[in-house]
There are 2 protein chains.
Amino acid sequence: MPTPHYGQPRYRAIADEIKRRIENGVISPGALLPAESALTTEFRTSRGTVRHAIATLREEGAVVTEHGRGTYAAMTNSKDLGTTNARGRIISADAAISNLLGVDLGTPIVEHESVIERDEKPWAIVRVYKVEATD
Amino acid sequence: MPTPHYGQPRYRAIADEIKRRIENGVISPGALLPAESALTTEFRTSRGTVRHAIATLREEGAVVTEHGRGTYAAMTNSKDLGTTNARGRIISADAAISNLLGVDLGTPIVEHESVIERDEKPWAIVRVYKVEATD
DNA sequence: AGAAATTTGTCCGTATGTATC
DNA sequence: AGATACATACGGACAAATTTC
């Protein structure tokens, strides 16, 4: 039988389905996934394809596999902190900065500031100082 | 013929060999790698194993593959900036920080500062400000 | 413009090795 | 020791993108 693959490949579709089950709690964090053989049966596919799907999930950090035991849904659900607005400007090196970067006082410096928010509220500030036109 | 895999698997050995050739300039950056079929012949292995090797190199960012074209040695050799000394301290929120983080003036703030060096010389400063004892 | 050759992408089926329970 | 499950490897087939003629 031929094996056409229109749109997304089967291994990707299977990976997405498994991922969906983890996110929806059908498979709880830390729980063992169905064995490759079971997934092979359910999705009517070959073991290679199932393994390919699981491999992609492993790269994404969604699951963890242990040799001889099985594949688990990952415990650590990395939380998205969301996008932040960053802003950059040119400033003049003050005493501290000129000292740290080894430049003269008043040297043009790029300041890049971004506020990290969490739960809609500011959580941390990151500032990067770099000499302009270096590199 | 059986297919034992003592020590490191074949796909890993093949990946390392290709990687070595890239680092040694045998394959210059941006150059096309031998086709999968050629590698299959050279390493006396199956296409699947060659593809597995290339896949690992792709994950490591050592190569880039294009459908119908081939696999190239990566152009971007990420340079290691080395380790930097970072230091942290507790400061009191000044006007700018208290405003950005939405806290009162004088609130204890963790300041984490690190100087990124390049070619033995300071190159940039990163400062992170965060309210103490949050989280 | 079109056909053929090349190359990577996907999928299948099978066999064997290795680790865990 | 046996059962189960993942890891590696092989070979074949067809699809899709690119290049070449």
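Proteins come first, then strands; the chains are lettered A, B, ... in the order of their sequence lines, and each starts at number 1.
- With Thr107(B) contributing its side chain and Val103(B) its backbone, the two residues share no donor-acceptor pair below 3.5 Å.
- When the nucleotides dT8(D), dC10(D), dC12(C) are ranked by their closest atom to the side chain of Thr45(B), dC10(D) comes out on top.
- Classification of Glu60(B) and Lys19(B) as a salt-bridged pair holds, one side-chain N sitting under 4.0 Å from a carboxylate O.
- Rounded to whole Å, atom P of dC14(D) lies 18 Å from atom CZ of Arg10(A).
- Ion pairing between Glu17(A) and Arg20(A) holds under the 4.0 Å rule for side-chain N and carboxylate O.
- Following rounding to the nearest Å, Phe43(B) (CZ) and dA9(D) (P) show an atom-to-atom distance of 13 Å.
- There is a side-chain donor-acceptor pair under 3.5 Å between Thr49(B) and Ser46(B).
- Of the candidate nucleotides dT8(D), dG13(C), dC10(D), dC10(D) has the atom lying nearest to any side-chain atom of Ser46(B).
- Using modelled atom types, one side-chain atom of Arg10(A) and one backbone atom of Phe43(A) make a donor-acceptor pair closer than 3.5 Å.
- Side chains of Thr65(A) and Arg58(A): a donor-acceptor N/O pair is present below 3.5 angstrom, by distance only.
- In this structure, Tyr11(B) reaches the dT8(D) phosphate: one of its side-chain N or O atoms is under 4.0 Å from OP1 or OP2.
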Listing time: all N or O pairs from protein to nucleotides 2-6 of chain D that are below 3.5 Å?
residue : atom : partner  : partner atom : Å
dC6(D)  : OP2  : Glu36(A) : N            : 3.1
dC6(D)  : O2   : His67(A) : NE2          : 3.4

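- Here the C1' atom of nucleotide dT7(C) and the CG atom of Leu39(B) are 12 Å apart, to the nearest Å.
- Note: CG (Leu32(B)) to C1' (dT6(C)) measures 11 Å, nearest angstrom.
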